[in-house]
Structures are given as structure tokens and as C-alpha cells.
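Down below is the structure, laid out as C-alpha cells.
Just so you know, these numbers come straight off a predicted model, no measurement behind them.
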Amino acid sequence: MLSDTDKRFLRIAYEEAKGGYDEGGCPIGSVIARGDTLISQGRNQRVQKGDPIAHGEMDALRKAGRQKTYKDLTLYTSLSPCMMCTGTIIQFGIPKVVVGENTTFGGNEDLLRERGVEVLIADDPDCIALMTRFIEEKPELWNEDIAED
């Protein structure tokens, strides 16, 4: 069950995803929070910056800057994290991830859980609709993002 704080930050992640879509990029947004305090927010910028690792979660982490600890942060993402972002979450010891949706892309929730990360799936209809639209409109860009031919 999502808390009001979870819902608020997930909505910001969705708005970041929508911003990326409006810029012609992949619509995946992310937020880093400490409790009810917003630390950073970001979006997938692979297209905008020509950077293959500029995923939404990576952008939010970059914008968060150096942290003395990551063990009290929550990462919010509009879409289930890929293997690269999952590895980064595990590497930094982020204990909680709230996922907008995993219908269009089943990421690595099981691996996160195996490593002790609390994973909440929101099944957010806005996140699902945005990714579905994007995949239908730009399948070649989506396949590039998830490294499929």
C-alpha cells in the first residue's frame, strides 16, 4: 500500500517521464527522497543528451549528488528498473523502491527483493498509458533503450 508521500513522489516521477516524452525522449522519470523530503528528480535523457546510460534513475542519482548515506533514501521510478539501474540501487544500498508500473517492462523486482530492497508496485494507470503510447509510437527507440534488436 502506497503512503501519501509515496503517491506524491511517484506523481513527480510521472511528470518527469511526461517531460521526457514531450522532449522526444523515453518517458521514464525518477525521484530520490529522504522521508518526505525531495532530494532530486530526473528523467531518461538518452536521446536528449546522446548518453546511453542517462536513464531516469541515473539522472536523479546524479542530480542528488554525493550523499553520506543512501540507506535512508527511497527511489521512485515511473517504470520498473532495468539491470543497470537495479545494480546501482543495490550498489548504493537504497532500501526502498516504488515502481509506477511493470506492465510494459518487467524489470528486476525479484533481484532487488533478493538483495533486501523493499519494492512496491503501484500499477499506476498514467504510467502504464504513457509507456504504452510511447512503445506503440516509437518501437525502435524503445528497443534501443532496452538494448534489444
Side-chain angles (χ1 to χ4, degrees), residues 1-49 51 53-138 141-142 145-146:
M1 182 65 90
L2 298 184
S3 69
D4 289 341
T5 298
D6 291 337
K7 291 174 187 175
R8 179 169 60 97
F9 288 136
L10 187 57
R11 190 67 196 174
I12 295 169
Y14 167 78
E15 293 298 334
E16 283 287 341
K18 179 77 169 64
Y21 175 85
D22 292 344
E23 294 168 353
C26 301
I28 304 163
S30 189
V31 166
I32 305 291
R34 178 171 283 117
D36 61 359
T37 302
L38 176 71
I39 302 297
S40 66
Q41 59 194 72
R43 65 182 66 154
N44 184 303
Q45 298 202 41
R46 295 182 66 256
V47 172
Q48 299 91 316
K49 293 187 175 182
D51 180 350
I53 63 170
H55 286 200
E57 299 91 335
M58 299 304 215
D59 188 46
L61 282 162
R62 280 188 183 113
K63 289 176 178 174
R66 292 173 55 201
Q67 300 289 314
K68 290 184 189 248
T69 184
Y70 296 84
K71 296 188 186 327
D72 59 351
L73 298 180
T74 299
L75 185 143
Y76 298 84
T77 181
S78 62
L79 184 67
S80 185
C82 72
M83 186 57 78
M84 175 179 66
C85 295
T86 294
T88 303
I89 291 163
I90 292 167
Q91 175 70 31
F92 288 138
I94 296 171
K96 180 179 174 184
V97 175
V98 178
V99 175
E101 68 103 349
N102 66 351
T103 302
T104 61
F105 177 75
N108 297 280
E109 300 94 359
D110 289 341
L111 177 57
L112 288 167
R113 288 181 180 117
E114 287 169 14
R115 297 302 294 262
V117 178
E118 177 186 4
V119 179
L120 301 176
I121 309 295
D123 291 321
D124 182 89
D126 291 335
C127 291
I128 294 168
L130 181 59
M131 278 307 299
T132 299
R133 180 177 172 192
F134 169 72
I135 292 167
E136 288 172 358
E137 290 175 354
K138 298 184 178 181
L141 185 54
W142 173 237
D145 192 60
I146 59 173

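Heavy-atom neighbours of Gln91 CD from other residues, nucleotides or ligands within 6.0 Å: at or below the threshold of 12. The environment of CZ in Arg115 is sparse: at most 12 heavy-atom neighbours from other residues, nucleotides or ligands sit within 6.0 Å.
Closest approach of Leu2 to Ala122, counting heavy atoms only: CD1-CB, 3.6 Å. Residues Phe9 and Thr37 share a closest heavy-atom pair of CZ-C, 3.9 Å. Of all the heavy atoms in Ile94 and Val117, the pair that sits closest is O-CG2, 3.5 Å. Considering all non-hydrogen atoms of both residues, Asn44 and Cys26 come closest at CB-O, 3.4 Å. The two residues Glu16 and Gly29 come nearest to each other via the heavy atoms CB-CA, 3.8 Å. Pairing each heavy atom of Leu73 with each of Pro95, the nearest pair is O-CD, 3.2 Å.
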| task | Could you please spell out the steps behind the side-chain contact (heavy atoms from CB on, under 4.5 Å) verdict for Arg133 and Tyr21? | result | CA-CA 10 Å; Arg133 180 177 172 192; Tyr21 175 85; 2.9 Å; yes

| request: Apply side-chain contact (heavy atoms from CB on, under 4.5 Å) to Lys96 and Leu120, showing your working. | output: CA-CA 8 Å; Lys96 180 179 174 184; Leu120 301 176; 3.7 Å; yes

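A distance-only check finds a donor-acceptor pair linking the side chain of Asp59 to the backbone of Arg43 [under 3.5 Å]. Checking side-chain atoms of Asn108 against main-chain N and O of Leu111 turns up no donor-acceptor pair under 3.5 Å. Judged by distance alone, with hydrogens and angles left aside, the side-chain atoms of Thr74 form no donor-acceptor pair with the main-chain N or O of Val97 at under 3.5 Å.
Residues passing the side chain to side chain contact (heavy atoms under 4.5 Å, CB included) test with Ser40 are Ile32, Ala60, Lys63, Ala64, sequence neighbours excluded. Every residue two or more places apart in sequence or in another chain that forms a side chain to side chain contact (heavy atoms under 4.5 Å, CB included) with Ile128 is listed here: Glu101, Thr103, Thr132. Legend: residues meeting ring-ring contact (aromatic ring centres under 6.0 Å, His included) with Phe134, ordered by chain and number and at least two apart, are absent.
Atom CD1 of Ile28 sits about 5.0 Å away from atom CH2 of Trp142, to the nearest 0.5 Å. With rounding to the nearest 0.5 angstrom, the CD atom of Glu118 is 9.5 Å from the CZ atom of Arg113. The line from OG1 of Thr77 to CG of Asn102 is 11.0 Å long, rounded to the nearest 0.5 Å. Atom CD1 of Ile12 is separated from atom OG of Ser30 by 11.0 Å, given to the nearest 0.5 angstrom. One finds the CG atom of Asp6 at 15.0 Å from the CZ atom of Arg11 (value rounded to the nearest 0.5 Å). For the atom pair Met84 CE and Ile53 CD1, the distance stands at 6.0 Å (nearest 0.5 Å).
Here Asp72 pairs with Arg34 in a salt bridge; the nearest charged N to carboxylate O distance falls below 4.0 Å. A salt bridge does not link Arg8 with Asp4: none of the charged nitrogens is closer than 4.0 Å to a carboxylate oxygen.
Lys18 is not listed as a side-chain neighbour of Pro27, based on a closest heavy-atom distance of 4.5 Å or more. Within the 4.5 Å cutoff, the side chain of Ser78 has no heavy atoms near those of the Leu130 side chain. When side chains are defined from C-beta on, Thr88 does not count as touching Glu57, because their heavy atoms never get closer than 4.5 Å.
Side chains of Ser80 and Glu109: a donor-acceptor N/O pair is present below 3.5 angstrom, by distance only.
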